[in-house]
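Here the structure comes first, spelled out in structure tokens, and everything after it is commentary.
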2 protein chains.
Amino acid sequence: MPRPALAETDISAQLREAIARGQFSPNERLVEAELAERYSVNRAHIRTALAVLDRDGLVVRLPNRGARVRAISDAEAMEIAETRLAIETMVARQAALRGDAKGRASLRRIEKDMRRAVTQSDAALYSQCNAALHRELQRMAGNATANRILNTLKSHLMRLQYRGILLPGRPRASLAEHAAIVKAVCAGDADAAERAMRKHLTSFTRLLKQAIEATRMGGF
Amino acid sequence: MPRPALAETDISAQLREAIARGQFSPNERLVEAELAERYSVNRAHIRTALAVLDRDGLVVRLPNRGARVRAISDAEAMEIAETRLAIETMVARQAALRGDAKGRASLRRIEKDMRRAVTQSDAALYSQCNAALHRELQRMAGNATANRILNTLKSHLMRLQYRGILLPGRPRASLAEHAAIVKAVCAGDADAAERAMRKHLTSFTRLLKQAIEATRMGGF
DNA sequence: CCGCGCCAGATTGTCAACAATTTGGTCAAC
DNA sequence: GTTGACCAAATTGTTGACAATCTGGCGCGG
């Protein structure tokens with residue numbers, strides 16, 4: 001059986017998840033003693049977790065003044081989306097080149113579920129499929145480095161969604177984009193896969209930009 | 001005056017640097033008590049630093065068995081180089097779009113120094129200029145997210161160099177590539193900048209692949 | 001009424017002691 | 001000789017105590 005994860009690693013992950021889900025507001029103070037009690041660990045673990053999250057950019061810490069949930073500016077949200085685009089287009093390419101038959105079958109199945117979600121107007125299902133599709137592409141690409149980075153970036157972007165700044169997207173419009181990605185990856189056409197992913201994420205980025213300009217948020 | 005960095009953050013940076021410079025061998029055990037003495041801090045700080053470096057992928061930790069310098073496989077070295085390429089091409093594009101006059105002047109000056117380094121066969125100077133050039137491009141692009149990621153990736157790649165797996169590059173050959181990047185960025189031509197950077201890093205990646213196949217290293 | 005210094009409480013930063021676990025070696029039994 | 005139990009040293013994991021620092025409010029003097 002696999003050795004259990006270190007408690008510290010575990011706490012980092014839990015806190016990361018909680019912040020990504022918007023359970024803490026931007027700039028909210030993260031008091032070590034409180035968190036230690038809430039997660040039933042001692043302060044040392046919380047301290048370590050906060051240091052890790054600081055490195056991830058989810059938290060800022062000021063000497064002697066503790067940690068806060070990092071507020072992300074409009075400009076930075078765009079940066080994150082652009083960086084994600086750069087990496088994920090590479091992932092799409094690699095998935096097309098290195099993907100296995102099992103992965104391709106998964107993609108097709110996910111696409112089918114997406115179509116069903118659209119016809120049934122099931123936004124939750126679509127969102128779930130969307131996540132599954134991107135996850136499967138990452139798995140197929142088999143680029144652990146890229147995956148780690150992408151997951152961190154996504155936890156930032158997830159905050160937008162949970163804070164209602166970014167809507168779950170428009171299934172009908174993005175379905176075609178997703179289908180194009182699946183088609184290209186399954187055909188093993190790296191260039192087409194990259195193009196399709198770029199197109200998809202460019203429209204995501206455009207959406208984000210609009211949302212930002214609409215809400216004129218001061219950080220999330 | 002700027003508030004001093006947290007001791008923990010500082011120790012993480014020092015350890016990261018030491019590992020990047022090859023002062024610890026792959027798989028070498030990192031005993032907390034030893035490091036605490038070496039860096040004149042207590043074990044708690046070292047523990048935290050190790051957790052951060054674990055997240056960075058520079059270290060692996062096994063429960064009750066401590067931390068080791070992470071050995072990076074051939075395949076993973078390629079992954080890292082590819083991911084770097086994906087991000088840095090974006091940085092080049094953004095530098096072309098958003099760079100300021102001061103940055104462009106810096107680039108030109110660095111290019112001049114590079115030429116001098118080549119004519120004088122000063123490998124150390126060239127290497128220094130190379131780092132300065134990439135750093136300046138990052139600054140011009142102003143993408144803090146990308147910068148953070150790139151710096152982490154570079155600390156991995158630096159290990160290759162310090163371990164003698166990857167030579168400092170061949171100045172004469174790469175000078176032209178660098179010049180092309182500078183030219184495109186200074187002209188504000190984003191597409192050309194991206195292409196030039198892609199070309200440059202593609203040859204870097206090719207070089208890495210050859211080095212890997214030559215040494216058949218089992219991890220670094 | 002307003003500003004300023006100062007105090008108390010809250011919180012972070014530091015440290016050392018102790019508990020739990022792993023590791024490597026020794027020794028006895030077969 | 002080999003196997004296996006056991007022990008001791010090394011190391012990691014956990015915890016609590018204490019020191020240092022910040023924060024907000026109170027009262028004093030202007």
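Lettering follows sequence order; numbering is per chain, from 1.
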Short side-chain N/O contact to D/dT15 OP1/OP2 from A/Asn42, under 4.0 Å: yes
Nearest-neighbour nucleotide for the A/Glu32 side chain, D/dT23, C/dT12, D/dT12 considered: C/dT12
Gap between atoms CD1 and P, on B/Ile46 and D/dG13 respectively (whole Å): 14 Å
Separation of C/dT12 P from A/Leu50 CG (nearest whole Å): 9 Å
Aromatic plane relationship, B/His134 with B/His200 - under 30° parallel, 30 to 60° tilted, over 60° perpendicular: parallel
Selection from D/dT15, D/dC22, C/dT22 that lies nearest to any side-chain heavy atom of B/Asn64: C/dT22
Sugar-phosphate only, base, or nothing, as touched by B/Ala44 at under 4.0 Å among non-hydrogen atoms: nothing
Minimum-distance nucleotide to B/His45 side chain [options: D/dT11, D/dG13, C/dT14]: C/dT14
Sidechain-backbone polar pair: A/Arg29 side chain, A/Gly66 backbone, donor-acceptor under 3.5 Å: no
Separation of atom CD1 in A/Ile11 from atom P in D/dG13, rounded to whole Å: 15 Å
Closest to the B/Val31 side chain, choosing from C/dA17, D/dT11, C/dT12: D/dT11
Rounded interatomic separation in angstrom, taking CD from B/Glu28 and P from D/dT11: 13 Å
Close side-chain approach of A/Leu133 and A/Val182, heavy atoms under 4.5 Å: yes
Sugar-phosphate only, base, or nothing, as touched by B/Leu30 at under 4.0 Å among non-hydrogen atoms: sugar-phosphate
Nearest listed nucleotide, side chain of B/Arg43, among D/dG13, C/dT23, C/dG13: D/dG13
B/Arg47 vs D/dT12: side-chain N/O to OP1/OP2 distance below 4.0 Å: no
Spacing between A/Glu34 atom CD and C/dT11 atom P, to the nearest angstrom: 7 Å
No-hydrogen, no-angle side-chain donor-acceptor test under 3.5 Å, B/Arg55 and A/Thr152: yes
D/dT23 phosphate, OP1 or OP2, under 4.0 Å from A/Arg65 side-chain N/O: yes
Pairwise 5' ranking along DNA chain C for B/Val41 and B/Arg29, keeping only the more 5' one: B/Val41
Pair A/Glu82 + B/Arg98, salt bridge at N-O below 4.0 Å: yes
